[in-house]
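Positions are given from 1, in the same order as the sequence printed here. For ligands, and for the atoms within them, numbers begin at 1 and follow the listed sequence.
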Amino acid sequence: MSERTLRIGALYPDLLNIYADRGNLLMLQRRCAWRGIGFEVTRSTIGDELDPDAHDLLYLGGGQDRDQQLCALDLTTVKKDAVHAHAARGGAILAVCGGYQLLGHHYGLQPGVTLPGLGLLDVHTERGEGRLIGNVAIEVEGRTLAGFENHGGRTILAPGQEPLGRVLAGHGNTGSSGHEGARTGNVIGTYLHGPLLPKNAWFADWLIAAALGIDPGELAPLDDAFEDAAHAGARRAAGV
Ligand code: GLN
């Protein structure tokens, strides 16, 4: 495995980074380093061209409405074709909260203000009354993801769009659909912050494997005592 390198493209890390989302990248970096897998991060912000073939995983974090507004225009003009090409060749994408909303068709921020999205996930988001805040746990293919959510947007999945998981506790996409996040192949959107990956080591490994195009079982096992404790704590916080 040592000849492998996980190449990350971090999109708008200066603008989309609330709720310690940078911890997700640190988690990936450490788990690769402990296994002798190389790790590279390229940061790409407003105005930067994106190379569609340069990354195994694109990462978008969460953001305030006003920062999302700045990113939405750039994402759907300067970077649109590259991100679509990345996804079309099976490249992985993890988008959290504000980033998730921008992977859909649009985000209706307020009457008369609609942010364009990439349309990579067949979802759209509308601003709702009040915010959906709190600890959350979801079931994903028989396993649990636990995290924290805080969003004003409600994300509606088109018929046929697969959610990431089923809400066990918390609000999820709308507060009433029972669904959290969305997934199409290796393209994943979720509202789970926390950050997500340090609280869910199994999902970090799933993502590393998906991005490298290998089976998660090929990754060397690690001593996950601390990670397991973080996961248990996040589940307890969500009451699951
Ligand atoms: N600004 C978006 C919302 O409120 C996303 C928030 C976030 O990324 N935490 O819905």
Side-chain angles (χ1 to χ4, degrees), residues 10-27 43-46 58-76 79 83 93-138 145-158 161 163-165 167 169-177 179-183 187-200 203 234 237-238:
L11 301 188
Y12 316 107
D14 49 338
L15 294 165
L16 300 181
N17 60 16
I18 54 175
Y19 287 108
D21 286 332
R22 273 175 290 206
N24 286 329
L25 296 182
L26 270 177
M27 180 75 171
R43 292 174 174 75
S44 181
T45 191
I46 305 250
L58 294 178
Y59 180 74
L60 283 145
Q64 317 269 5
D65 287 350
R66 65 172 177 278
D67 293 328
Q68 274 177 279
Q69 207 157 354
L70 295 172
C71 298
L73 182 64
D74 184 82
L75 191 60
T76 56
K79 296 184 184 46
V83 180
I93 301 181
L94 176 64
V96 176
C97 203
Y100 167 34
Q101 295 167 342
L102 297 181
L103 290 194
H105 296 293
H106 66 259
Y107 175 23
L109 207 53
Q110 59 195 60
V113 183
T114 296
L115 306 187
L118 283 175
L120 270 177
L121 294 170
D122 201 3
V123 309
H124 72 276
T125 302
E126 303 294 343
R127 191 81 189 188
E129 278 294 308
R131 301 188 67 80
L132 303 180
I133 305 176
N135 295 297
V136 52
I138 68 173
L145 285 183
F148 181 80
E149 62 184 325
N150 182 353
H151 49 110
R154 275 47 167 188
T155 298
I156 297 111
L157 274 54
Q161 171 65 57
L164 174 61
V167 175
H171 301 288
N173 283 332
T174 66
S176 60
S177 68
H179 289 153
E180 202 295 311
R183 175 182 171 196
V187 178
I188 290 171
T190 177
Y191 276 113
L192 271 62
H193 291 282
L196 171 70
L197 299 182
K199 292 182 172 179
N200 300 281
F203 193 64

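Per-residue contacts place Gly152 under 4.0 angstrom from the following atoms of ligand 1 (heavy atoms of the residue considered): 3 (C), 4 (O), 10 (O). Annotation for ligand 1: atoms under 4.0 Å from non-hydrogen atoms of Gly98 are 5 (C), 7 (C), 8 (O). If you number the atoms of ligand 1 from 1 as listed, the ones under 4.0 Å from a heavy atom of Asn150 come out as 6 (C), 7 (C), 9 (N).
You'll find the ring centres of His105 and His124 outside the 6.0 Å limit. Residues His151 and Tyr191 place their aromatic rings such that the two centres sit under 6.0 Å apart.
Side chain of Asn200 to backbone of Ala146: a donor-acceptor contact under 3.5 angstrom is found.
Heavy-atom proximity to atom 5 (C) of ligand 1, evaluated over Gly61, Gly153, Ala95, Gly63, is greatest for Gly63.
The pair Asp14-Arg43 fails the salt-bridge criterion, with no side-chain N (NZ, NE, NH1 or NH2) lying under 4.0 Å from an Asp/Glu carboxylate O.
Nearest protein heavy-atom neighbour of atom 7 (C) of ligand 1: Cys97 SG, 2.8 Å. Of all protein heavy atoms, the one lying nearest to atom 2 (C) of ligand 1 is Gln68 OE1, 3.1 Å.
Under a 4.0 Å heavy-atom criterion, Arg127 is in contact with ligand 1.
The shortest N or O to N or O distance between His151 and ligand 1 is not below 3.5 Å. Polar contact with ligand 1: absent for Val96 (N/O pair, distance under 3.5 Å). In terms of polar-atom proximity, defined here as any N/O pair under 3.5 Å, Gly62 makes no such contact with ligand 1.
When each of Asp74, Thr45, Asp67 is paired with Tyr12, the side chain to side chain donor-acceptor pair (under 3.5 Å) condition holds for Asp74 and for no other.
Gln110 contributes atom CD, which lies 12.0 Å from atom CD of Glu126 (distance to the nearest 0.5 angstrom).
Only the side chain of Tyr107 comes within 4.0 Å of ligand 1, judged by heavy-atom distances.
In this structure, the side chains of Thr125 and Ile156 stay at 4.5 Å or more apart for every pair of heavy atoms.
Heavy-atom neighbours of Arg22 CZ from other residues, nucleotides or ligands within 6.0 Å: at or below the threshold of 12.
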